Peer 1: 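Pasting a structure below so you can have a look.
Atoms within a ligand are numbered from 1 in the order they appear, just like the ligands themselves. Treat the numbers as computed from the prediction; the structure is a model and nothing was measured. Below, each value reflects all heavy atoms present in this structure, side chains not excepted, and no hydrogens, waters or symmetry copies.
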Amino acid sequence: MKILCVLYDDPTDGMPNSYALDSLPKIEKYADGMSLPTPNDIDFTPGELLGCVSGELGLRKFLEEAGHTLVVTSNKDGDNSEADKELVDADVVISQPFWPYYLTREKMQKAKNLKIAITAGIGSDHVDLQAAMDHNIDVVEVTFCNSISVSEHIVMMILSMVRDYHTQHAIAKSGGWNIADAVKRSYDVEGMHIGTVAAGRIGLAALRRMKPFEVNLHYFDRHRLSAEVEKELNLTFHETVESMVAVCDVVTINCPLHPETENLFDAQMISKMKKGAYIINTARGKICNREAIAEALESGQLSGYAGDVWFPQPAPNDHIWRTMPNHGMTPHTSGTSLSAQARYAAGTREILECFFDKKPIRSEYLIVQGGELAGTGAHSYSKGSATSGSEEASKYKK
Ligand code: NAD
């Protein structure tokens, strides 16, 4: 079979010769008891760069020894991309949300052999899920592999935005010492109201991690948490997003991108937020309206916006979120720490082993199967597509 793997570019100065840590801490299982990936074997060293082109997700030896062909490229956008050329006769496509290969209906129509699209990570909105259902292409992802990684990034971003770390770090780096400049936008999170849109694996982990800061916790989700968890974290459940955002100082967004959540935070929703609130969005860029966020930061309706997700990706060089005031954006990195890469590379291998051996893939990994939403897809997504406009990714110039 032919496997097309679309990964992000190598470091600009080549693959590292050494790493900051000699090994990764051992994680026994995920918070809900689910086991970490269970491939028969791995051919990579956990803690090394695996998500870039030369890292190859550690898959080449395994695939070639089994007689398959592996093609790896980062060239994915614009007319005649390498990925588009290779997709035409590929059986399997692997892509990561950090450097998403937008698998549109048009591309699927040309990919006559394509059977499965694997997301090496979490969040399969870069695949037109409706078209995948219509073409009987299965879509799977490595559920839980980086949920904790992202929740850590959320805590970092809440603290850094509310305390205004970025301003203070810039002053220190530039040789300055004006304390008043450094603290004129700096607050404590203690006592604040913090709410999450969605309390799935990431949202719940973010709530748990914020609890020791002695804040008031809120959530909105289409699936209510158990009474035990609500009690343990002293959570306030909201029936609507509007009711939650009206009382929160910080809103963190943790739902998948699908037709129900696309453009959820538009000018109208933002106008219903508490004045001066912060948004932390590590879910997907398209859940927030690009211009409405920038305008709310300009007017002061929002005090800050941080996250690591953009639309499209890579973000065009002139994307307004790169230059708007009081932002704390990173490129899409939260779910691709070296720790996370080891888990999703192993999870991708587990999925491929099941696929080749015609064994069932864990239901938690399923998004689309047999022409329908399945597993986590049925729980967390809705039918339809959220890929429109992705061609703008070709505007990014290195
Ligand atoms: P999950 O499936 O455990 O949780 C998703 C939650 O969203 C579920 O509880 C579901 O009920 C809820 N939800 C779905 N649609 C909703 C709606 N319309 N309104 C309210 N709630 C809704 O997934 P997770 O592991 O928590 O990941 C969530 C999302 O975070 C992913 O789909 C992905 O988009 C994003 N993510 C980002 C990164 C990153 O690197 N930045 C990494 C992993 C995941």
Peer 1: In the protein, what heavy atom is nearest to atom 39 (C) of ligand 1, and what distance, to one decimal place, separates them?
Peer 2: His332 NE2, 3.1 Å
Peer 1: Measure the acute angle between the ring planes of His258 and Tyr381, then classify it against the limits of 30° and 60° as parallel, tilted or perpendicular.
Peer 2: tilted
Peer 1: Of the side chain and backbone of Arg222, name the one, both, or neither that has a heavy atom under 4.0 Å from an atom of ligand 1.
Peer 2: both
Peer 1: Check this for me: does any side-chain nitrogen of one of Arg290 and Glu392 sit under 4.0 Å from a carboxylate oxygen of the other?
Peer 2: yes
Peer 1: Measure from the ring center of Tyr305 to the ring center of Tyr278 and say whether it is less than 6.0 Å.
Peer 2: no
Peer 1: Is a salt bridge present between Glu82 and Lys85, judged by a nitrogen-to-oxygen distance below 4.0 Å?
Peer 2: yes
Peer 1: Taking atom CG of Asn317 as the centre, report whether more than 12 heavy atoms of other residues, nucleotides or ligands fall under 6.0 Å from it.
Peer 2: yes
Peer 1: Is it true that Arg362 and Thr143 share a donor-acceptor pair across their side chains at a distance under 3.5 Å?
Peer 2: no
Peer 1: Please classify the Ile202 to ligand 1 contact at 4.0 Å (heavy-atom distances, strictly less than): side chain, backbone, both or neither.
Peer 2: both
Peer 1: Does Asp41 have more than 12 heavy atoms from other residues, nucleotides or ligands lying within 6.0 Å of its CG?
Peer 2: yes
Peer 1: Can you report which non-hydrogen protein atom sits closest to atom 37 (C) of ligand 1, along with the distance?
Peer 2: Thr282 O, 3.1 Å
Peer 1: Could you check whether the rings of Phe356 and Phe62 sit parallel, tilted or perpendicular, using 30° and 60° as the cut-offs?
Peer 2: tilted
Peer 1: Which protein heavy atom lies closest to atom 1 (P) of ligand 1, and at what distance to 0.1 Å?
Peer 2: Arg201 NH1, 3.7 Å
Peer 1: Any idea which protein heavy atom is nearest atom 31 (C) of ligand 1, and the distance to it?
Peer 2: Ile122 CG2, 3.9 Å
Peer 1: Heavy-atom contacts with Phe98 under 4.0 Å: which atoms of ligand 1 show up? List them by number with element.
Peer 2: 40 (O)
Peer 1: Check the orientation of His223 and His379. Use parallel for under 30°, tilted for 30 to 60°, and perpendicular for over 60°.
Peer 2: parallel
Peer 1: Identify, for atom 43 (C) of ligand 1, the protein heavy atom at the shortest distance, and state residue, atom and that distance.
Peer 2: Asn146 OD1, 3.1 Å
Peer 1: What protein heavy atom is closest to atom 11 (O) of ligand 1, reported as residue, atom name and distance in Å?
Peer 2: Asp221 OD1, 2.6 Å
Peer 1: Using a 4.0 Å heavy-atom threshold (strictly under), name the region of Asp308 that reaches ligand 1: side chain, backbone, both or neither.
Peer 2: side chain
Peer 1: In terms of side-chain geometry, is the basic nitrogen of Asp128 or Lys107 positioned less than 4.0 Å from the acidic oxygen of its partner?
Peer 2: no
Peer 1: Can you tell me which portion of Ser147 lies within the under-4.0 Å heavy-atom range of ligand 1? Options are side chain, backbone, both, or neither.
Peer 2: side chain
Peer 1: Check if Ala283 has a non-hydrogen atom at a distance under 4.0 Å from any atom of ligand 1.
Peer 2: yes
Peer 1: If the cut-off is 4.0 Å to any non-hydrogen atom of Asn254, which atoms of ligand 1 fall inside it?
Peer 2: 28 (C)
Peer 1: Considering non-hydrogen atoms of the protein only, which is the closest contact for atom 2 (O) of ligand 1, and what is the distance?
Peer 2: Ser380 OG, 2.7 Å
Peer 1: Quick one: does His258 get an N or O within less than 3.5 Å of an N or O on ligand 1?
Peer 2: yes
Peer 1: Show me which atoms of ligand 1 lie under 4.0 Å from any heavy atom of His223.
Peer 2: 11 (O)
Peer 1: Which one of Pro259, Ser124, Pro256 has a non-hydrogen atom at the shortest distance from atom 32 (O) of ligand 1?
Peer 2: Pro256
Peer 1: Just let me know how Val150 lines up against ligand 1, side chain, backbone, both or neither, with a heavy-atom cut-off below 4.0 Å.
Peer 2: side chain
Peer 1: Can you list the atoms of ligand 1 that are under 4.0 Å from a heavy atom of Thr376?
Peer 2: 2 (O)
Peer 1: Tell me the contacting part of Thr261 for ligand 1: side chain, backbone, both, or neither, using a 4.0 Å heavy-atom threshold, strictly below.
Peer 2: side chain
Peer 1: Under a 4.0 Å N-O cut-off, is there an ion pair linking Lys286 with Asp125?
Peer 2: no
Peer 1: Before accepting this row, confirm whether a basic side-chain N of the pair Glu230/Arg224 lies closer than 4.0 Å to the acidic partner's carboxylate O.
Peer 2: yes
Peer 1: Please write down residue, atom name and distance for the protein heavy atom closest to atom 19 (N) of ligand 1.
Peer 2: Phe220 CE2, 3.5 Å
Peer 1: Below a 4.0 angstrom heavy-atom separation, can you tell me which part of His153, side chain or backbone, both or neither, approaches ligand 1?
Peer 2: neither
Peer 1: Look at the aromatic rings of Tyr102 and Phe311 and report parallel, tilted or perpendicular, splitting at 30° and 60°.
Peer 2: perpendicular
